[in-house]
A.B. asks: 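Before I ask anything, here is the structure I am working with.
Convention: sequence-line order gives letters A, B, ...; per-chain numbering from 1.
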Amino acid sequence: MGQFPQLNHEDIAHLNVVMHQFLEKSEANIALLVEKAGYLIHQCGSQEAIDTTTFATLGSNAYNAVQFMAQLVNESNFTSMYQQGENFSTLMLNVDENSLLVIVFPTHLTVGSMKYYATPAAKSIAERIGVATVRSPGLGIDFSDLNPADVQSALFEKKKE
Amino acid sequence: MAIINQATKELQVKIVYYGPAKSGKTTNLEQLHRNVQVPDTASKGKLTSLATSSDRTLFFDFFPLETIAIKGFKTKFALFTVPGQVIYNATRQIVLRGVDGIVFVADSEYDKMEENLETFKHLEENLKTLNLNLADIPCVMQYNKRDRPEVAPVEYLDFLLNNRDVQLPTFEASASKCEGVFETLNMITRMLLHKFLNDGVRK
């Protein structure tokens, strides 16, 4: 299992264009790029109404659970997951080894049309992540000028009663 | 493994609370959610619990928490619990994916020692299935339920659960009273940040 690479401004700009174009073409409401450990990497669309951080985490874990089920039946091709609702539906689509695209769309749109537009978007996103991986496979943040004494202090405090 | 977003200057870190059934993992997150002091409402996310009808964790609990920037980076801690019941071991493996730090919540009561040991063994095995090694991951041991009448001495818990060359930091706690909860979280976050200082976020 590889590591999700470090993204820079150009990467995010690329993802932004691809995901916005996808939303325009598909008429979906929200597109989230989610790392499979549950991290929300990037979001586009009208996400004000929902807690996208939690949505991303729930989505990734649900997707991972389905992958686990796939292993149990020796199936290697559970690459997407679809849930139909009364007003909104969701589609989770594999992007690459480490990430997936979580889409929220109105139920009157078909999952087929979502897949039609999302598949090339996911491919483009995967290619960009591949570029980022090649660019900086081992590059971490340089924390060398961080004062270790700062780390010793408690980051989280209990509310005063 | 931690995620760095240079564009938004964010560092995202995953901490998993692991331990036997009813040891107090969910209580730890509930107390943190209820009592943590935050500069603004956006710093504290919702506590999401996927539980059974009898309030036992079915999949996981999730609580996102942000804190002061590290060298200009907003640091987002994603706190998870795993289900304690053995039948949900597959679920534990799913939640452990991409873990950066672990809090092992042990039940201090005498009659829970076997469960503590078995769960710790499962933790090591589950990490191996993910090609991870506990020795490489910051881990804190919390001896919870110290307020109960029939608890084992800390020395005995250390002997059973922390008998290794490099001992894990341990904390006594009574999570239901919010004692030892913040100390545990602050230690695991401090260990993670020190690891990042020493190694860089990614090797």
A.B. asks: Please find the pair of heavy atoms, one from A:Asn16 and one from A:Cys44, that lie closest to each other, and give the distance.
C.D. replies: OD1-SG, 3.2 Å
A.B. asks: Could you list the residues that satisfy ring-ring contact (aromatic ring centres under 6.0 Å, His included) with B:Phe63, not counting sequence neighbours?
C.D. replies: B:His33
A.B. asks: Measure from NZ or CZ of A:Lys36 to the centre of the six-membered ring of A:Tyr63, then state whether that distance is under 6.0 Å and the direction lies within 45° of the axis.
C.D. replies: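 Cation-pi check for A:Lys36 and A:Tyr63: fails.
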A.B. asks: Please round to the nearest 0.5 Å and tell me the distance separating atom OG of A:Ser113 and atom CD of A:Glu27.
C.D. replies: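 If I round to the nearest 0.5 Å, the distance is 8.5 Å.
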A.B. asks: Using heavy-atom distances under 4.5 Å, tell me whether A:Asp51 contacts chain B through its side chain, its backbone, both, or neither.
C.D. replies: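 Only the side chain of A:Asp51 comes within 4.5 Å of chain B.
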A.B. asks: Hey, which residues of residues 65-73 of chain A are touching chain B, say heavy atoms under 4.5 Å apart?
C.D. replies: A:Ala65, A:Phe68
A.B. asks: Rounded to the nearest 0.5 Å, what separation is found between the CG atom of A:Asn8 and the CZ atom of A:Arg135?
C.D. replies: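 One finds 4.0 Å between CG of A:Asn8 and CZ of A:Arg135.
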A.B. asks: Can you find a pair of side-chain heavy atoms, one from A:Phe88 and one from A:Ile30, that are under 4.5 Å apart?
C.D. replies: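 Not in contact.
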A.B. asks: With a 4.5 Å cut-off on side-chain heavy atoms, are B:Ile15 and B:Thr189 touching?
C.D. replies: yes
A.B. asks: Would you mind reporting whether A:Glu10 and A:His14 have side-chain heavy atoms less than 4.5 Å apart?
C.D. replies: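 A side-chain contact is absent here, since even the closest heavy-atom pair is not under 4.5 Å.
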A.B. asks: Centres of the A:Tyr39 and A:Phe4 rings: under 6.0 Å?
C.D. replies: no
A.B. asks: Under a 4.5 Å heavy-atom cut-off, does chain A meet the side chain of B:Gln31, its backbone, both or neither?
C.D. replies: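 Neither part, no heavy atoms under 4.5 Å.
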A.B. asks: Below 4.5 Å from any heavy atom of chain A, which atoms of B:Leu50 appear? Answer side chain, backbone, both or neither.
C.D. replies: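 Side chain only.
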A.B. asks: Can you say whether A:Leu40 sits under 4.5 Å from chain B via the side chain, the backbone, both, or neither, judging by heavy atoms?
C.D. replies: backbone
A.B. asks: Most heavy-atom pairs under 4.5 angstrom with chain A, which of B:Leu65, B:Val95, B:Thr91?
C.D. replies: B:Leu65
A.B. asks: Need one label for B:Val16: side chain, backbone, both or neither, based on atoms under 4.5 Å from any heavy atom in chain A.
C.D. replies: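 It is neither, since no heavy atom gets under 4.5 Å.
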A.B. asks: May I ask you to test the B:Ile188-B:Phe77 pair for a side-chain heavy-atom distance under 4.5 Å?
C.D. replies: no
A.B. asks: Is it the side chain or the backbone of B:Val181 that comes within 4.5 Å of chain A heavy atoms, both, or neither?
C.D. replies: neither
A.B. asks: Under 4.5 Å heavy-atom distance to chain A, tell me which part of B:Leu185 shows up: side chain, backbone, both or neither.
C.D. replies: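 Contact with chain A is through the side chain of B:Leu185 alone.
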